[in-house]
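Below is one structure, written out as structure tokens; comments come after it.
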Amino acid sequence: MESPRLLDALRGAGVGPGDLVGLALEAGVGVGAATAGGSWALAGAEPWAQVAAVEEELQPRWVMWSAETALVLVRAGVRVARSWDLVAVHRLLAGGWRAEPARMWAAGHGLDPDSIPSTKPADLWSSFEDEGADAEDPVRPDGHLRAEWAAGGWRETPQRLRRWAALAFDLAGIQAAGVDAIPERPMAPATARSESAAELLCAELTAEGLPVDRAVAEGIIAGFVGARPRDDAEAAARRAERDAEVLRHVAPGIEVDLRSNGQVKVLLGRLGIEVADTRAWRLREVQDRHPVVGALLAWRKAERIATTYGYGWLDEHLGDDGRLRGAWSGADGAAGRMTATAGLHSMPADLRPAVAAEAGHVFVRADLGQIEPRVLAVVSGDAALADAARQDDLYAPVAAQLGVDRATAKVAVLGAMYGQTTGRGAQALRRLDVAYPVAMGYLTAAARSAEAGHDLRTYGGRLVRMGPDAPVPAAAPEAPGAVAARGRYGRNAVIQGAAAELFKMWAVTVRARSVGLGARIVLCLHDELLVHTPEAHGEATADLVARSLDEAVHRWAAGTPVRFLADIAVIRRWSDAKGTE
DNA sequence: TGCGGCTATTG
DNA sequence: CACAATAGCCGCAG
């Protein structure tokens with residue numbers, strides 16, 4: 001048991017709730033901490049105990065270089081309420097995805113990222129630069145972080161942890177000034193705090209996982225691909241059986257690799273069925289022409305389970321404790337939605353019955369209705385659309401305004417946000433321009449700016465990079481359609497990105513308010529939350545989720561007439577929830 | 001072996 | 001089949 005010496009130091013320095021405290025820690029080495037009043041180094045094998053003591057007494061805002069620090073804490077059983085995540089805020093300020101310490105440091109100090117020193121020994125220039133310098137100083141004479149420190153050298157000694165924590169504290173101050181200095185985006189400081197908390201949530205999601213009932217999952221998988229094969233030979237036999245079920249519909253002796261779309265297309269051609277490609281919706285159109293088509297569609301579904309969501313998937317990602325784990329990221333490289341590996345965001349609906357609350361627990365499932373058009377109403381400031389967004393069903397008043405049916409109105413609104421220019425919604429789109437000129441103008445301005453290669457900022461202040469190294473056109477920039485593709489990307493990014501910001505604000509509010517109930521968010525799905533909570537607290541958690549939405553909306557868009565509605569249910573299995581709209 | 005294309009799933 | 005994501009397999013270039 002270590003004595004709470006860090007607590008004494010920070011208390012002595014006058015640290016109180018919400019004050020920034022730089023933090024760096026390494027198992028087996030110790031912990032470093034820093035504030036404006038000084039910095040401290042403490043050796044110790046389990047440095048998180050020091051952090052836990054400070055958290056309990058002082059509730060500071062911990063400055064972390066990345067969510068890796070949060071993951072170390074969570075895995076040691078330590079949860080902190082507040083953080084300033086340098087990676088999250090860097091991505092907000094600078095856009096893109098790359099956020100190594102040296103890059104963030106360079107951005108904060110106005111240094112050219114191309115001049116960041118590398119660790120390569122052949123880098124003579126950086127060796128020259130280092131001559132005569134103190135290797136214990138993490139900052140080089142030219143202002144860059146020393147490569148050896150950034151590559152992990154900061155972990156080596158308590159003294160280095162102290163310096164690393166001090167640098168984090170300094171960089172947080174620079175970033176905070178940066179988010180305060182975006183006059184046209186007053187929400188940016190709030191977004192920075194919310195995105196930081198989202199990184200804490202991601203660390204918890206990564207460490208704790210999603211409750212999955214293994215027996216139920218195996219039963220569902222067996223229904224598609226049969227019982228678990230005992231060895232490779234049996235697996236190959238099962239695979240051959242599935243293929244044979246399709247091939248029995250064609251002449252014997254025909255060799256077709258069903259996994260090769262080219263060969264499938266040739267096969268269909270020989271049967272007199274010409275298709276442009278072999279996508280499922282196209283195959284469905286010609287399903288009545290030959291029985292092999294239906295068999296092929298069923299085969300595709302089973303094949304997907306076999307290859308992606310089968311026994312191998314369970315073995316790789318489902319722990320003995322019944323938790324399915326993937327790596328969570330707080331913001332993708334584009335507009336800032338949360339992402340997760342292990343297929344957590346694209347698990348087939350067929351598998352949802354396997355996502356089951358543990359004994360003595362229930363799920364609270366909540367999903368936002370029509371979040372994107374409601375977000376459009378807020379961020380564009382369109383009074384007419386905001387008026388429509390007062391209703392439970394936004395599309396009903398829009399349809400009445402346009403003089404079209406609801407389905408057409410919905411397609412048109414979604415088309416406007418995605419950049420669709422053809423099809424059923426095209427005519428209604430022109431009516432949208434007349435009825436909601438402010439909202440449509442907002443989207444058009446984003447599209448034009450993106451087409452010209454100008455960066456965008458979301459409502460919450462996230463930079464969406466549209467320059468030469470933007471994530472979007474991977475193909476030649478002047479290829480036909482590339483300009484239009486940039487426009488669609490930018491048009492959508494300001495909506496999807498703002499929706500992601502609101503969603504995360506909701507999620508971290510639920511996280512903050514649910515501590516006393518023992519409720520835990522176990523899945524975030526862009527507009528949907530799944531919360532695992534003790535059975536006795538199901539209704540209380542549902543109320544909390546609803547109140548948290550009101551609180552988040554109030555903070556995100558104070559005074560807006562736009563309503564954000566959540567469908568909330570207390571359930572035992574994810575599949576118990578009614579289907580989405 | 002790496003990468004673009006195709007396909008499927010989710011929001 | 002518009003916007004975003006992860007993931008797997010095929011076919012081809014190096």
Side-chain angles (χ1 to χ4, degrees), chain A residues 97 224 239 256-265 275-285 296-310 312-313 316-317 326-352 355 367-373 375-376 410-426 429 443 446-447 450 458 464 471-472 474-476 481 484-500 503 523-530 574 579-581:
Chain A
W97 191 81
F224 283 94
R239 193 170 118 138
V256 180
D257 181 354
L258 298 174
R259 292 160 193 82
S260 165
N261 301 313
Q263 290 186 39
V264 168
K265 201 175 151 187
V275 285
D277 57 58
T278 69
R279 288 185 176 89
W281 67 271
R282 219 183 274 281
L283 295 184
R284 257 176 245 118
E285 286 177 350
L296 182 62
L297 286 166
W299 176 90
R300 285 253 180 92
K301 208 165 171 64
E303 186 69 5
R304 176 144 178 87
I305 297 287
T307 57
T308 307
Y309 292 102
W313 175 68
E316 192 173 347
H317 303 294
W328 286 77
S329 163
D332 59 39
R337 297 216 295 200
M338 294 170 77
T339 63
T341 62
L344 282 164
H345 281 160
S346 49
M347 193 189 307
D350 289 321
L351 282 163
R352 289 189 180 193
V355 179
D367 81 298
L368 295 172
Q370 305 171 342
I371 182 175
E372 290 191 336
V375 161
L376 172 60
K410 180 177 174 177
V411 168
V413 171
L414 293 174
M417 291 186 296
Y418 290 154
Q420 184 181 355
T421 54
T422 58
R424 187 153 72 102
L429 271 173
L443 294 169
T458 62
V464 179
V472 78
R486 275 208 304 274
R488 289 195 302 272
Y489 176 88
R491 172 188 292 268
N492 184 251
V494 292
I495 301 303
Q496 190 184 103
F503 175 80
L523 191 69
C524 293
L525 209 51
H526 311 311
D527 64 354
E528 176 176 350
L529 285 174
L530 198 62
W574 194 13
T580 52
E581 189 199 3

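Chain letters run A, B, ... following the sequence lines, proteins first, then strands; residues in each count from 1. Because the structure is a prediction, the values reported are computed rather than measured.
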What pairs of residues pass the salt bridge (Lys or Arg N to Asp or Glu O under 4.0 Å) test when at least one of them lies in residues 334-350 of chain A, not counting sequence neighbours?
A/Lys301-A/Asp350
Nearest 0.5 angstrom please: A/Phe503 CZ to A/Gln496 CD, how far?
12.5 Å
So, OP1 or OP2 of C/dA5: does either fall under 4.0 Å of a side-chain N or O from A/Arg337?
no
Is there a side-chain polar atom (N or O) of A/Arg259 under 4.0 Å from OP1 or OP2 of C/dC9?
no
Counting the atoms with a prime plus P, OP1 and OP2 as sugar-phosphate, which does A/Gly343 contact under 4.0 Å by heavy atoms, base, sugar-phosphate, or nothing?
sugar-phosphate
Examine the side chains of A/Thr307 and A/Arg259 and answer whether a donor and an acceptor come within less than 3.5 Å of each other.
no
Heavy atoms only, 4.0 Å cut-off, all strands: where does A/Met417 land among base, sugar-phosphate and nothing?
nothing
So what does A/Ala280 hit on the nucleic acid, given a heavy-atom distance under 4.0 Å: a base, only sugar-phosphate, or nothing?
sugar-phosphate
Of the candidates C/dC3, B/dT7, C/dA4, the side chain of A/Arg279 sits closest to B/dT7
Would you mind classifying the nucleic acid contact of A/Ala340 as base, sugar-phosphate or nothing, using non-hydrogen atoms under 4.0 angstrom?
sugar-phosphate
Can you tell me if A/Gln263 touches the phosphate of C/dG11, counting only side-chain N or O atoms and a distance under 4.0 Å to OP1 or OP2?
yes
At less than 4.0 Å, is any side-chain N or O atom of A/Ser260 found next to OP1 or OP2 of C/dG11? Yes or no.
yes
Using atom types as modelled and distance alone, determine if a side-chain donor or acceptor of A/Asp332 lies under 3.5 Å from a backbone N or O of A/Ala335.
yes
Distance test, side-chain N/O of A/Thr278 to OP1/OP2 of B/dT7, below 4.0 Å:
yes
Among C/dC9, C/dC3, C/dC10, the one nearest any side-chain atom of A/Arg488 is C/dC3
Check this one for me: any side-chain N or O of A/Arg304 less than 4.0 Å away from OP1 or OP2 of B/dA8?
no
In terms of side-chain heavy atoms of A/Arg300, which of B/dA8, B/dC6, B/dG11 is nearest?
B/dA8
